[in-house]
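To start, the structure itself, in structure tokens.
For the single chain, residues carry numbers from 1 onward in sequence order. Quick caveat: nothing in here was measured; it's all calculated off a predicted structure.
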Amino acid sequence: MRLLHTGDWHLGKLLEGKSRLEEQRHVLGQFVSFAEETKAEVICIAGDIFDNGHPSAAAESLFYETLKKLSNHGTRLVLVIAGNHDQPSRLEAIAPLVQEHGILIYGTPKTKLPSGKYGTFMVQSLDEGVFSVTIHGEKVVFVCVPYPSEKSLNEILYKEEDEERKRAADYSQKVKALFQQKAAWYEEDTVNVLMSHVFTLGCVKDGSEQGIILGNSYLLPLEVFPKEAQYVALGHVHRPQKAVGSQGKIRYSGSPLPYRLQETVIAKQCFFVELHPGEEPRVQEYYFDNPKPIEKWVCRDYEEALKRCQEHQNRPCYVYLQIHTDTYIREEQLKELKKYKEDILEVIPLFSSWETEETGETFFEKSFEELFSSYYTEKKGVEPEREVVELLLGLLEKEGEDASGLDED
């Protein structure tokens, strides 16, 4: 059985307000080509299809278009689970329309699809999130567990009359109980696959998933995953990787595109997996070509920054621009830079060498009041009136009080 594992598409995601849909269309086109090249029979999309629960019409259109191509007229089985960014009911709404194309969509851990013909495949529904199918004479059992929130776990595992102590079991124990419950359908002579959207202990995160983590309660140890599963296809982490200690049986495919500057240090990929009953999985990486990379440029001065923008004005890339300077970047300078490179996302002046002659005090050691007074004097030629300074400081103080009760993003 040949399987392609991907996830974390985040269709509709913006980068500093800029749409990434055309880049997403490009990499998803590559993914369809990978499916054709590998002759994959099953596609696993491990959650976070969209970037939020209310995607744009254009993002939904790209999703449907890609699903149709991947299904190849129902000759390829396509499995989709919801991630924490997805709205389960919205994903499942199209389930009646896509069954004939061989597409199965699981919105919640409680979803149970009907048995029947999915495309050219006969699917036997076994349990919530569990089904079997025969491919090339080999029976395959899939366990599909969309993002398991605390609420959904309690609804599945516990009844109202259960004692509070049992309901208060920690998150990892609940997930383990759920996985083991589903793994009861695995057999020794079947291909056994698990797909879910969770964090594991030891995974290398990249700043893209701002999950709610209380201690280690939302970080799952490898012991929660059933040993009977030959391959575990995970979503939720944007960096492709093997779960530490899993010998490559438990993997994150990562996202097909970098969505933050921190994600640009590693190549984006998906996994092609060959599986047979009782055998170790054979895994091969397929790499995505990023049509518009995210870059950080650090320049010695404004002139170097301008020259670099001119030299790269026709090369597609997003830019975080840092400029060493002893003064401020003026508005007309920003306009000139963006005239040549419109996809500059941010311009950050670096004042590391700025020191006052009298005290040798660095820029970063000055108070906000000193910085404002210096800037005002440079622009206006006179020092700011005391009332203006006090008004500004009062506004900043009130802003700090209003934000003090908010959680840090």
Is there a donor-acceptor pair closer than 3.5 Å between any side-chain N or O of [X] and the backbone N or O of [Y]?
X      : Y      : result
Thr190 : Asn192 : no
Asp48  : Asn84  : yes
Gln310 : Tyr340 : no
Thr66  : Leu62  : yes
Ser125 : Leu113 : yes
His236 : His197 : no
Arg20  : Pro258 : yes
Ser196 : Val198 : no
Gln322 : Lys296 : no
Gln230 : Glu228 : no

Smallest separation among heavy atoms of [X] and [Y], with atom names:
X      : Y      : result
Lys341 : Val319 : CE-CG2, 4.1 Å
Asp51  : His85  : O-ND1, 2.8 Å
Lys292 : Asp343 : NZ-OD2, 2.6 Å
Pro293 : Pro316 : CD-O, 3.5 Å
Val141 : Leu126 : CG1-CD1, 4.4 Å
Ala267 : Tyr287 : CB-CD2, 3.7 Å

Query raised in the report: What residues form a ring-ring contact (aromatic ring centres under 6.0 Å, His included) with Tyr252, not counting sequence neighbours?
Result: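 Partners of Tyr252 under the ring-ring contact (aromatic ring centres under 6.0 Å, His included) test: none.
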Query raised in the report: Passes side chain to side chain contact (heavy atoms under 4.5 Å, CB included), Tyr231 versus Cys44? Steps please.
Result: CA-CA 11 Å; Tyr231 185 76; Cys44 288; over 6 Å; no
Would you compute the distance between atom [atom1] of [X] and atom [atom2] of [Y] and round it to the nearest 0.5 angstrom?
X      : Y      : atom1 : atom2 : value
Gln284 : Glu274 : CD    : CD    : 8.0 Å
Arg300 : Leu350 : CZ    : CG    : 13.5 Å
Lys249 : Lys227 : NZ    : NZ    : 10.0 Å
Arg239 : Ser253 : CZ    : OG    : 14.0 Å
Leu3   : Leu79  : CG    : CG    : 7.5 Å
Lys268 : Thr6   : NZ    : OG1   : 10.5 Å

Any [X] side-chain heavy atom under 4.5 Å of [Y] side chain:
X      : Y      : answer
Gln333 : Leu306 : no
Pro88  : Tyr147 : no
Val193 : Val42  : no
Thr200 : Phe225 : yes
Leu77  : Phe131 : yes
Glu279 : Leu275 : no
Pro291 : Leu257 : yes
Lys242 : Val283 : no

Query - Reference residue His10; test ring-ring contact (aromatic ring centres under 6.0 Å, His included); the match among Phe50, Tyr259, Phe63 - result: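 Only one of Phe50, Tyr259, Phe63 forms a ring-ring contact (aromatic ring centres under 6.0 Å, His included) with His10, namely Tyr259.
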Requested in this report: Just do the salt bridge (charged side-chain N to carboxylate O under 4.0 Å, His left out) check on Glu295 and Arg308 with the steps written out, would you?
Outcome: CA-CA 12 Å; Glu295 300 179 356; Arg308 198 161 182 181; 5.6 Å; no
**Report entry** Residues Phe31, Leu70; criterion side chain to side chain contact (heavy atoms under 4.5 Å, CB included); working and verdict
**Finding:** CA-CA 9 Å; Phe31 185 69; Leu70 287 171; 3.7 Å; yes
**Report entry** Modelled atom types, side-chain donor and acceptor of His26 and Glu22, under 3.5 Å
**Finding:**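 Their side chains do not contain a donor-acceptor pair, so the 3.5 Å distance test is not met.
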Query raised in the report: In chain order, what residues pass the salt bridge (charged side-chain N to carboxylate O under 4.0 Å, His left out) check against Glu92, with sequence neighbours excluded?
Result: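 Counting only residues at least two positions away or on another chain, Glu92 forms no salt bridge (charged side-chain N to carboxylate O under 4.0 Å, His left out).
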Report task. Check the angle between the aromatic planes of Phe271 and His5 and answer parallel, tilted or perpendicular using the 30° and 60° thresholds. Result ->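 Taking His5 first and then Phe271, their aromatic rings sit tilted (interplane angle of 30° to 60°).
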**Report entry** Tyr286 and Phe34 aromatic ring geometry - parallel, tilted or perpendicular at 30°/60° bounds
**Finding:**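 Geometry flag for Tyr286 against Phe34: tilted rings.
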Requested in this report: Please check if atom NE2 in His73 has more than 12 non-hydrogen atoms from other residues, nucleotides or ligands closer than 6.0 Å.
Outcome: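 12 or below, so no.
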Query - CD (Glu304) with more than 12 external heavy atoms under 6.0 Å - result: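 Counting other residues, nucleotides and ligands, CD of Glu304 exceeds 12 neighbours.
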**Report entry** Pairing of Arg251 and Glu285 as salt bridge, 4.0 angstrom limit
**Finding:**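 Here Arg251 pairs with Glu285 in a salt bridge, since their nearest N and O are under 4.0 Å apart.
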Query - Carboxylate-amine/guanidinium proximity below 4.0 Å for Arg2 and Glu41 - result: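 Salt bridge flag = yes for Glu41 with Arg2.
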Requested in this report: Begin from the C-alpha positions of Lys69 and Glu65 and carry the test salt bridge (charged side-chain N to carboxylate O under 4.0 Å, His left out) through to its verdict.
Outcome: CA-CA 6 Å; Lys69 291 177 180 177; Glu65 175 188 324; 3.3 Å; yes
Query raised in the report: Does the side chain to side chain contact (heavy atoms under 4.5 Å, CB included) test come out yes or no for Ile323 and Leu337, once each step is laid out?
Result: CA-CA 12 Å; Ile323 304 174; Leu337 293 171; 4.2 Å; yes
Requested in this report: Output every pair passing ring pair (Phe, Tyr, Trp, His ring centres under 6.0 Å) with a member in residues 100-126, not counting sequence neighbours, ordered by first then second residue.
Outcome: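 Output for this query is empty, none listed.
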**Report entry** Step-by-step side chain to side chain contact (heavy atoms under 4.5 Å, CB included) determination, Gln87 to His54
**Finding:** CA-CA 7 Å; Gln87 186 181 106; His54 300 280; 3.4 Å; yes
